[in-house]
Protein chains: 2
Amino acid sequence: MLFHIDFKTGKPAYLQLVDQVRYAAASGALRAGDSLPSIRPLAEELRVNRNTVAKAYAELESQGVIETIPGKGCFLKDGNTPFTKPVRQKLLLKEIDEAVVTAHHLQVDRSDFLALVKERLDYFESKKERP
Amino acid sequence: MLFHIDFKTGKPAYLQLVDQVRYAAASGALRAGDSLPSIRPLAEELRVNRNTVAKAYAELESQGVIETIPGKGCFLKDGNTPFTKPVRQKLLLKEIDEAVVTAHHLQVDRSDFLALVKERLDYFESKKERP
DNA sequence: GCAACTGTCATAGTGTCCTATGACAGACGA
DNA sequence: TCGTCTGTCATAGGACACTATGACAGTTGC
């Protein structure tokens, strides 16, 4: 099974699912046009309410990650964002800054940090190439 | 004024303050041993309840960022974390992965992403050197 | 057309997060 | 010692987030 909910973390179930779908898309486990599991069976498998899954899918649609067609299902969109390059970079900066600040408090130095970043970029890239 | 609360974002006030103190520490605006603004005056300046500031400071203390001495005040700790290097790297991976996944969905490619990371690292480093 | 599937919406209950008020205890200086 | 500063704790109210239930609407295949 591709997705899993951890009820011990305190993080809302629907957000866990959102993250996992985003992760699956970024790592190539899901590709543009792929259909996502439909709401009711997935809810049953994850032991959550169907509306919890529906909320996750709604959030993903608002983020432009998936497209949902009532009566048919939900599908992964191709990655075209509606934002211009400067806007996209600005959105990214927020998350990068958080990581940089955390690195400072964890006393991870520049070279270690960069090595970690490259390692993760390589990891995602390798998974996309060999699905 | 060093800190500011934006009531429009929906993000809890105390978390905004936590982020700003962490940011200030990482950028060198606050240094080890510096005393933070005391709770009541800061609360008044930020137009929040004093317990909201207290909660932020409590959170920062639990993160090991500051040290609070009842009756005296709150002070920035030196950055020694209680974690071993592998543990610290693992904690960082979570945030790095989030940024990498977001970069994928925003279609920011590897070289642009790395450039942004280096730019931010440089930025924080320069601020630490010239306070 | 019917049955079984898809997602959607309105509603409600439960919990918890966030904030605020008031009273308390330690530290310091006049 | 007294006043005033520091942070702390207990409590409570209000808002909102999260989840759940039930009824609804579009799509597909028999």
Whole angstrom is fine here: how far is it from NZ in A/K55 over to C1' in D/dT19? 8 Å

Does B/D6 come within less than 4.0 Å of B/K11, counting only side-chain N to carboxylate O? no

Under the side-chain hydrogen bond (donor to acceptor under 3.5 Å, both in side chains) criterion, do A/E59 and A/Q63 qualify, and how do the steps go? CA-CA 6 Å; A/E59 172 68 20; A/Q63 290 183 13; 2.9 Å; yes

Whole-Å distance separating the CZ atom of A/F7 from the C1' atom of D/dA20: 13 Å

Rounding to an integer number of Å, can you tell me how far B/N51 CG sits from D/dT6 P? 15 Å

Base D/dG7 paired with B/R40 side chain (donor-acceptor, <3.5 Å): yes

For the rings on A/F124 and A/Y23, is their centre-to-centre separation under 6.0 Å? yes

Does the distance from a Lys or Arg side-chain N to an Asp or Glu carboxylate O, for A/R110 and B/D122, drop under 4.0 Å? yes

Distance check needed: D/dC18 P versus A/Q16 CD, whole Å only. 11 Å

Check every strand shown and say whether A/A13 touches a base, only sugar-phosphate, or nothing at a heavy-atom separation below 4.0 Å. sugar-phosphate

Any link between B/L106 and A/V87 through a network of hydrophobic side chains (Ile, Leu, Val, Met, Phe, Trp, Tyr) touching at under 4.5 Å? yes

Specify the separation, in whole Å, of atom CD1 of B/I69 and atom C1' of D/dG7. 11 Å

D/dT6, OP1 or OP2 - any side-chain N/O from B/S38 closer than 4.0 Å? yes

In whole angstrom, what separates B/E67's CD from D/dT6's P? 18 Å

Can you pull the contact range of chain A along DNA chain C, 5' to 3', using atoms under 4.0 angstrom from its heavy atoms? C/dT6 to C/dA10

In whole Å, what is the span from the CG atom of B/L17 to the C1' atom of D/dG7? 15 Å

Taking the nucleotide of DNA chain D with the nearest heavy atom to each, does A/K72 or A/V48 sit closer to the 5' end? A/V48

What pairs of donor and acceptor atoms, side-chain ones from residues 71-79 of chain A against any protein atom, are under 3.5 angstrom apart with sequence neighbours left out?
none

Whole-Å distance between D/dC24 P and A/R50 CZ? 13 Å

NZ/NE/NH1/NH2 to OD/OE distance under 4.0 Å, B/E44 and B/R40: no

